[in-house]
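Here's the structure, in structure tokens; my notes come after.
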Number of protein chains: 2
Amino acid sequence: MTISSSIDQRVSLAVSTVVFALRPHPVSGLMTLWLPLVRRIREPYEGQWALPGGPLEADDDLASSAQHTLERTTGLAPRYLEQLYAFGNVDRSPGDRVVSIVYWALVRQDEVARSVDGENVEWFVADDLPPLAFDHTDIVDYALARLRAKITYTPIAHAFLPPEFTLAELRAVHEAVLRTTLDPANFRRQALASKTLVPTGTCLQGTSHRPPALFRFEAGAPSPAPEEQR
Amino acid sequence: MTISSSIDQRVSLAVSTVVFALRPHPVSGLMTLWLPLVRRIREPYEGQWALPGGPLEADDDLASSAQHTLERTTGLAPRYLEQLYAFGNVDRSPGDRVVSIVYWALVRQDEVARSVDGENVEWFVADDLPPLAFDHTDIVDYALARLRAKITYTPIAHAFLPPEFTLAELRAVHEAVLRTTLDPANFRRQALASKTLVPTGTCLQGTSHRPPALFRFEAGAPSPAPEEQR
DNA sequence: GCGACTTAAAGTCACGTCAACTCTAAGTGG
DNA sequence: CCACTTAGAGTTGACGTGACTTTAAGTCGC
């Protein structure tokens with residue numbers, strides 16, 4: 001950056017977001033990762049599905065711009081937002097060059113309901129997407145890999161959950177994201193060892209069978225600064 | 001990105017690089033991380049040190065642009081280059097807004113010699129820098145953290161070394177980067193267990209005392225794609 | 001009210017990894 | 001030939017983890 005000179009040729013700077021949410025799979029009924037896509041209303045790739053995003057806004061930081069654009073196009077307000085990568089290859093977009101700074105985000109289930117807008121926003125199963133515009137398929141694959149890697153060593157799963165939750169619910173999130181089954185006893189052990197869980201002291205009532213204890217996440221900044229990446 | 005519109009307000013897109021090399025510390029003589037800085041010749045921050053970089057080049061991908069700019073300003077051709085982060089807060093630069101896509105790079109010792117250009121490029125000890133222009137101090141701190149994290153779980157240390165090297169040399173790189181001493185026996189064990197080291201069969205001759213075996217790194221793509229991040 | 005059933009939560013055990021340390025190998029120099 | 005130095009192999013104990021077992025605490029059916 002140092003020597004900053006203005007851009008002469010046509011280069012657009014865009015901000016897009018890969019948003020993940022958990023919903024039951026339509027066929028299997030299992031909890032599955034979904035993400036919202038926006039139908040393009042102009043060339044190139046008119047009519048195809050693409051990640052929600054838009055041009056960088058003048059008065060907004062990068063993350064704010066991602067949030068605002070997301071709010072405007074899909075009505076979503078994610079609980080977790082982190083920069084993913086900057087994609088800027090010359091040939092990634094026909095016509096003018098576009099450099100996209102891509103974020104990835106997590107939203108709670110109940111947020112999903114607020115988002116169903118018009119016909120131009122739709123949710124898809126993350127591992128079974130239609131062909132996407134631009135290089136967005138690669139971007140989603142990368143975001144999926146990041147999510148799956150990061151959930152194993154950071155407490156981001158809580159972004160999918162309500163403030164209070166049981167260990168079984170937390171485990172269900174991990175199982176859905178990672179597409180595996182996890183041993184309940186072992187999961188409990190290492191979840192408690194991580195020290196980020198605080199027992200509320202209360203138990204979830206009204207369940208059949210033994211009532212599970214409720215937990216809360218330690219009040220720590222869940223906002224991902226550059227520093228905390230790996 | 002999806003809806004690409006051109007940038008109307010003054011927004012510059014720059015590409016900068018944090019370059020690391022290993023040289024002996026001037027006082028202690030220990031191997032230490034150094035990095036090249038460029039003296040700014042215009043406002044803002046005229047006269048101050050800043051990361052090498054420049055505006056995104058029209059016909060280059062992001063990484064290529066970083067490489068070319070680096071070559072032009074410092075004469076360096078790094079052996080490892082990976083995207084670090086995109087910095088784009090509104091207030092990070094006085095005057096026109098600058099979004100910087102920052103890379104980090106590793107160069108071999110012998111590359112350092114080729115780089116000493118004019119008075120406007122100088123090498124500094126990475127952990128003891130003068131005040132830098134813009135938010136470049138934060139950027140360097142972040143890059144340092146990334147390097148130190150990544151060297152523990154990826155074989156990037158070879159970017160500092162000649163094609164053939166001994167385990168002691170490899171360990172010296174790790175020790176210099178992490179600023180610790182490492183147990184030679186344990187380091188050997190896990191270095192060999194990682195399967196990325198190939199013994200050349202030969203030993204380094206001419207040393208006092210027992211000659212150490214020489215190793216080579218497995219011929220694998222050391223180019224960092226988005227995929228291989230953590 | 002009692003047993004069958006289900007999930008929560010704690011405990012056990014074998015295995016693999018790793019840090020700390022010791023021991024042997026293979027050279028050099030006096 | 002011995003002292004010295006580094007390379008490299010081996011040993012041990014602590015710890016984390018996967019697979020599994022056991023006990024706790026509730027509901028439901030009869």
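So that the names make sense, note that chain A is the first sequence line, chain B the second, and so on, each numbered from 1.
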Could you tell me whether Arg79(A) and Glu111(A) have a side-chain N and a carboxylate O separated by less than 4.0 Å?
no
Do Leu197(B) and Glu218(B) make a side-chain contact, defined as non-hydrogen atoms from C-beta onward lying under 4.5 Å apart?
no
Heavy atoms, side chains only, cut-off 4.5 Å: are Val38(B) and Trp49(B) in contact?
no
With a 4.5 Å heavy-atom cut-off, do Val102(B) and Thr17(B) have their side chains touching?
no
From CG of Leu214(B) across to P of dA26(C) the rounded distance in Å is 17 Å
Name the orientation class of the two ring planes belonging to His158(A) and Phe217(A) (parallel below 30°, tilted from 30 to 60°, perpendicular beyond 60°).
tilted
Pairs counted as Watson-Crick or G-U wobble with both distances under 3.5 Å: what dot-bracket string results for DNA chain C, using | for bases tied to another strand?
||||||||||||||||||||||||||||||
For the pair made of NE2 in His209(B) and P in dT28(C), what is the distance, rounded to whole Å?
9 Å
Nearest whole angstrom, please: distance from the P of dA8(C) to the CG of Leu170(A).
13 Å
Sidechain-backbone polar pair: Asp61(A) side chain, Val90(B) backbone, donor-acceptor under 3.5 Å:
yes
Any residue of residues 179-197 of chain A with a heavy atom less than 4.0 Å from an atom of DNA chain C
Ala185(A), Arg188(A)
Can you find a heavy atom in the side chain of Ser100(B) that is under 4.5 Å from one in the side chain of Arg92(B)?
yes
In whole angstroms, how far is the P atom of dT7(C) from the CZ atom of Arg210(A)?
14 Å
Is Ile101(A) close to Val99(B) at the side-chain level, that is, under 4.5 Å between some pair of heavy atoms?
yes
